[in-house]
Amino acid sequence: MYSSAYVWAKVLSHMEERLGAVTVSAWFDDAEVVELTEDKLIIYTPSDFRLDMIRRRCTAYIQDALKEIFNSDAKLEVFGDEELKEYRNKDKAPVSMDFNPQFSFDNFVVGGSNRFAHGAAIAVTNNPGEVYNPLFIYGPPGVGKTHLLYAIANGIRKTKPDANIVYIKGDQFTNELIAAIQSGKNIEFRNKYREADLFLIDDIQFIAGKDSTQEEFFHTFNKLYEEHKQIVMTSDRKPSDMLTLEDRLRTRFEWGLLASIEAPDYETRMAILKNKAKHLGVELDDEVCNYIAINVTNNVRAIEGTVKKIMAYRDLNGMTLDLENVRRAVEDMFKSEGSALPTPSLIISQVCKFYSIDEIVLRSTQRNKGTAEARQVAMYLVRKLTNLSLPDIGQEFARDHATVHYAINKVEADLKKGNPTLQNNIRDITANINSCL
């Protein structure tokens with residue numbers, strides 16, 4: 001079965017031979033494929049005038065083209081707005097996404113670092129689309145942003161079981177958009193997000209700097225906002241710090257409420273630690289809890305990881321969890337602040353996320369402009385942020401040190417020339433890398 005994009009391109013080409021490229025462009029400029037099978041093609045146009053012209057003057061041409069492609073008679077349907085709406089709603093079941101029930105407001109430990117965001121999340125759950133829309137929660141990794149997103153989803157699901165709740169990560173939104181464009185399924189992509197009752201997007205910072213993604217998100221945001229559908233976003237930084245984010249999106253993100261979550265203070269860490277230990281079925285005395293809370297200061301995720309390692313140490317060694325044994329179990333996890341350097345793999349993965357390319361492509365010999373720039377930026381950041389030598393960096397990319405040296409020099413030269421796009425890209429990528437440490 002051919003892709004819808006391929007078939008539609010062939011159909012348009014067929015008609016251009018008979019009607020001319022100017023005529024086809026005028027009538028089909030905004031037409032999109034809704035559904036394609038071997039015996040049916042459905043297209044949509046938002047213009048009533050074009051809808052009438054296509055039905056009266058182009059149906060035969062389109063069906064001739066389909067017969068050439070499939071060697072059989074295929075039915076053509078042309079939808080306007082009303083037909084498309086009816087088609088979408090026909091036999092439509094509510095979209096149901098499952099969210100881990102462990103992420104609820106009941107087991108979210110509230111402290112001074114997150115009280116404001118927690119209160120805003122509850123308000124949104126109680127009155128979705130009416131207060132704090134959009135809600136923009138920002139803070140470093142592992143402090144509970146995703147927990148609050150899931151808690152909102154679970155809370156609304158209880159009161160509105162048929163609500164269409166959609167959750168996506170920023171980089172996945174880009175990847176789905178690319179796939180939709182390649183397969184000609186733009187309408188399906190838009191329907192998925194623009195018909196949501198609650199739209200949750202995690203790590204929104206990853207759409208910054210991507211023109212097509214920002215354009216698509218802009219229209220999705222507008223439609224949901226105008227229909228009073230609740231939008232909740234999380235990020236590792238506030239909108240004003242997203243240097244490559246379009247101004248029109250930045251202002252919209254700030255329309256509602258910005259709520260920051262900081263790294264938990266000592267008291268909150270103690271409460272989180274005891275809560276996690278209880279949930280995981282391990283008893284830790286106050287002396288042990290105090291030792292962990294003093295040393296694990298970054299985020300909630302690190303606290304949970306520490307408790308799990310202590311449990312593994314206990315189970316594998318059959319030892320009691322006194323302070324001395326706990327010290328031995330987790331001493332390698334406690335590093336002085338600023339001592340951790342990003343790995344080349346982390347840097348490369350973040351560069352690939354930013355430029356929306358596969359790591360295999362980045363490490364390949366492919367030489368198109370976008371790939372070349374991403375590869376050069378990755379080499380530059382590995383050199384800047386790690387202690388690797390040029391030959392070591394070359395091994396990461398299957399290239400010699402001379403190639404690495406050239407790439408780094410080129411990036412440095414462009415930065416010295418004041419290339420604003422490159423400067424902002426490197427700042428955002430560096431911020432993404434640091435947020436993962």
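Being a predicted model, the structure only gives us computed values, none of them experimental.
Here Arg250 pairs with Asp247 in a salt bridge; the nearest charged N to carboxylate O distance falls below 4.0 Å. One finds a salt bridge joining Arg248 and Glu215 here, because a Lys/Arg side-chain nitrogen approaches an Asp/Glu carboxylate oxygen to under 4.0 Å. Using a 4.0 Å cut-off between charged side-chain N and carboxylate O, Arg194 and Glu226 make no salt bridge. Between Arg269 and Asp265 no salt bridge is recorded (no basic side-chain N to carboxylate O distance below 4.0 Å). Salt-bridge annotation for Lys85 and Asp81: absent, with no side-chain N of the basic residue lying under 4.0 Å from a carboxylate O of the acidic one. Electrostatic pairing of Glu195 and Lys229 does not count as a salt bridge here, judged by no charged N lying under 4.0 Å from a carboxylate O.
Atom CD1 of Ile187 sits about 11.0 Å away from atom CD of Glu35, to the nearest 0.5 Å. The CG atom of Leu243 lies 11.5 Å from the OG1 atom of Thr421; values are rounded to the nearest 0.5 Å. In this structure, CD in Glu32 is found 14.0 Å from CD1 in Ile42, a value given to the nearest 0.5 Å. Put simply, OG1 on Thr220 and CZ on Arg190 are 8.0 Å apart, with the number rounded to the nearest 0.5 Å. Atom NZ in Lys274 sits 11.5 Å away from atom NZ in Lys278 (nearest 0.5 Å). Distance CG/Asp64 to CZ/Arg18: 7.0 Å, rounded to 0.5 Å.
Side-chain contact between Ile137 and Met233 is absent, with no heavy atoms from C-beta onward closer than 4.5 Å. Using a 4.5 Å heavy-atom threshold, the side chains of Ile310 and Ile292 count as touching. For the pair Ile178/Ser356, a side-chain contact is recorded, criterion being any heavy-atom separation below 4.5 Å from C-beta on. For the pair Arg57 and Trp27, the minimum side-chain heavy-atom distance is below 4.5 Å. A 4.5 Å side-chain heavy-atom check between Phe105 and Asn154 finds every atom pair outside the cut-off. Between Ile231 and Leu135, the closest side-chain pair of non-hydrogen atoms is not below 4.5 Å. Asn164 has its side chain out of reach of Leu198: every pair of non-hydrogen atoms, C-beta onward, lies at least 4.5 Å apart. Within the 4.5 Å cutoff, no side-chain heavy atoms of Phe253 are placed close to those of Pro134.
Closest approach of Asp197 and Asp162 over heavy atoms only: OD2-O, 4.5 Å. Residue Ile272 comes nearest to Pro264 through the heavy atom pair CD1-CB, 4.3 Å, listed as atom of the first residue, atom of the second, then distance. A pairwise comparison of heavy atoms in Val361 and Arg375 identifies O-NH2, 3.4 Å as the closest pair. Of all non-hydrogen atoms in Gly144 and Phe108, the two that sit nearest each other are O-CE1, 3.7 Å. Here the closest non-hydrogen pair linking Ala120 and Leu257 is CB-CD2, 3.6 Å. Of all heavy-atom pairs between Ala208 and Gln214, the closest is CA-OE1, 4.1 Å.
Judged by distance alone, the side chain of Asp52 and the main-chain N or O of Phe49 form no donor-acceptor pair under 3.5 Å. Under the 3.5 Å distance criterion, the side-chain polar atoms of Thr159 are matched with a main-chain donor or acceptor of Ile156. A donor-acceptor pair under 3.5 Å links the side-chain atoms of Asp358 to the main chain of Ile360, judged by distance alone. Here the side chain of Thr386 pairs a donor or acceptor atom with the backbone of Val382 at under 3.5 angstrom. In this structure a side-chain-to-backbone donor-acceptor pair under 3.5 Å is present from Asn424 to Pro420. Checking side-chain atoms of Arg50 against main-chain N and O of Pro46 turns up no donor-acceptor pair under 3.5 Å. The backbone N or O of Glu396 lies less than 3.5 Å from a partner atom in the side chain of Arg363, making a donor-acceptor pair. Between the side chain of Arg237 and the main chain of Met242, no donor-acceptor pair closer than 3.5 Å is present.
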(request) Using the side-chain hydrogen bond (donor to acceptor under 3.5 Å, both in side chains) rule, take Asp428 and Thr244 through it: C-alpha gap first, then chi angles, then the decisive distance, then the call. (result) CA-CA 8 Å; Asp428 276 354; Thr244 54; 2.6 Å; yes
(request) For side-chain contact (heavy atoms from CB on, under 4.5 Å), just list the numbers for Asn432 and Gln205, CA-CA rounded to whole Å, side-chain angles, deciding distance to a tenth of an Å, and then say yes or no. (result) CA-CA 9 Å; Asn432 293 340; Gln205 72 271 10; 3.7 Å; yes
(request) Determine, stepwise, if the pair Leu388 / Gln395 fulfils side-chain contact (heavy atoms from CB on, under 4.5 Å). (result) CA-CA 10 Å; Leu388 267 62; Gln395 289 183 1; over 6 Å; no
(request) Any chance you could lay out the side-chain contact (heavy atoms from CB on, under 4.5 Å) test for Glu254 and Ser240, step after step, and finish with the verdict? (result) CA-CA 9 Å; Glu254 295 172 346; Ser240 60; 4.2 Å; yes
(request) Test side-chain hydrogen bond (donor to acceptor under 3.5 Å, both in side chains) on Asp202 and Thr234 and set out the steps. (result) CA-CA 5 Å; Asp202 220 347; Thr234 74; 2.3 Å; yes
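For Tyr150, the ring-ring contact (aromatic ring centres under 6.0 Å, His included) test picks out Phe99, Phe103, Tyr167, with sequence neighbours left out. Under the rule for a salt bridge (Lys or Arg N to Asp or Glu O under 4.0 Å), the partners of Asp241 that lie at least two apart in sequence or sit in another chain are Lys238.
Using modelled atom types and a 3.5 Å distance limit, the side chains of Tyr44 and Glu83 yield no donor-acceptor pair.
In this structure, Arg252 forms no cation-pi arrangement with Phe218, as its terminal cationic atom is not both closer than 6.0 Å to the ring centre and no more than 45° off the ring axis. A cation-pi contact, defined as under 6.0 Å to the ring centre and within 45° of the axis, links Lys353 to Phe206.
Dense packing is recorded around NZ of Lys169, with more than 12 heavy atoms of other residues, nucleotides or ligands lying under 6.0 Å away. Within 6.0 Å of NE2 on His228 lie no more than 12 heavy atoms contributed by other residues, nucleotides or ligands. Counting heavy atoms of neighbouring residues, nucleotides and ligands inside a 6.0 Å radius, atom OH of Tyr406 does not exceed 12 of them.
Classification of the Phe173-Phe199 ring pair by plane angle, with boundaries at 30° and 60°, yields tilted.
The side-chain hydrogen bond (donor to acceptor under 3.5 Å, both in side chains) pairs that include a residue from residues 113-122 number zero, where partners must be two or more places apart or lie in different chains. Residue pairs meeting the side-chain hydrogen bond (donor to acceptor under 3.5 Å, both in side chains) criterion with at least one partner in residues 172-181, sequence neighbours excluded, are Thr174-Thr213, Glu176-Lys192, Glu176-Tyr193. Applying the ring-ring contact (aromatic ring centres under 6.0 Å, His included) test to pairs two or more places apart or on separate chains, none has a residue in residues 347-383. Counting only residues at least two apart or in different chains, side-chain hydrogen bond (donor to acceptor under 3.5 Å, both in side chains) contacts with residues 124-140 comprise Asn133-Gln230.
Applying the side chain to side chain contact (heavy atoms under 4.5 Å, CB included) test between Phe217 and each of Ile201, Leu177, Asn222 identifies Ile201 as the sole match.
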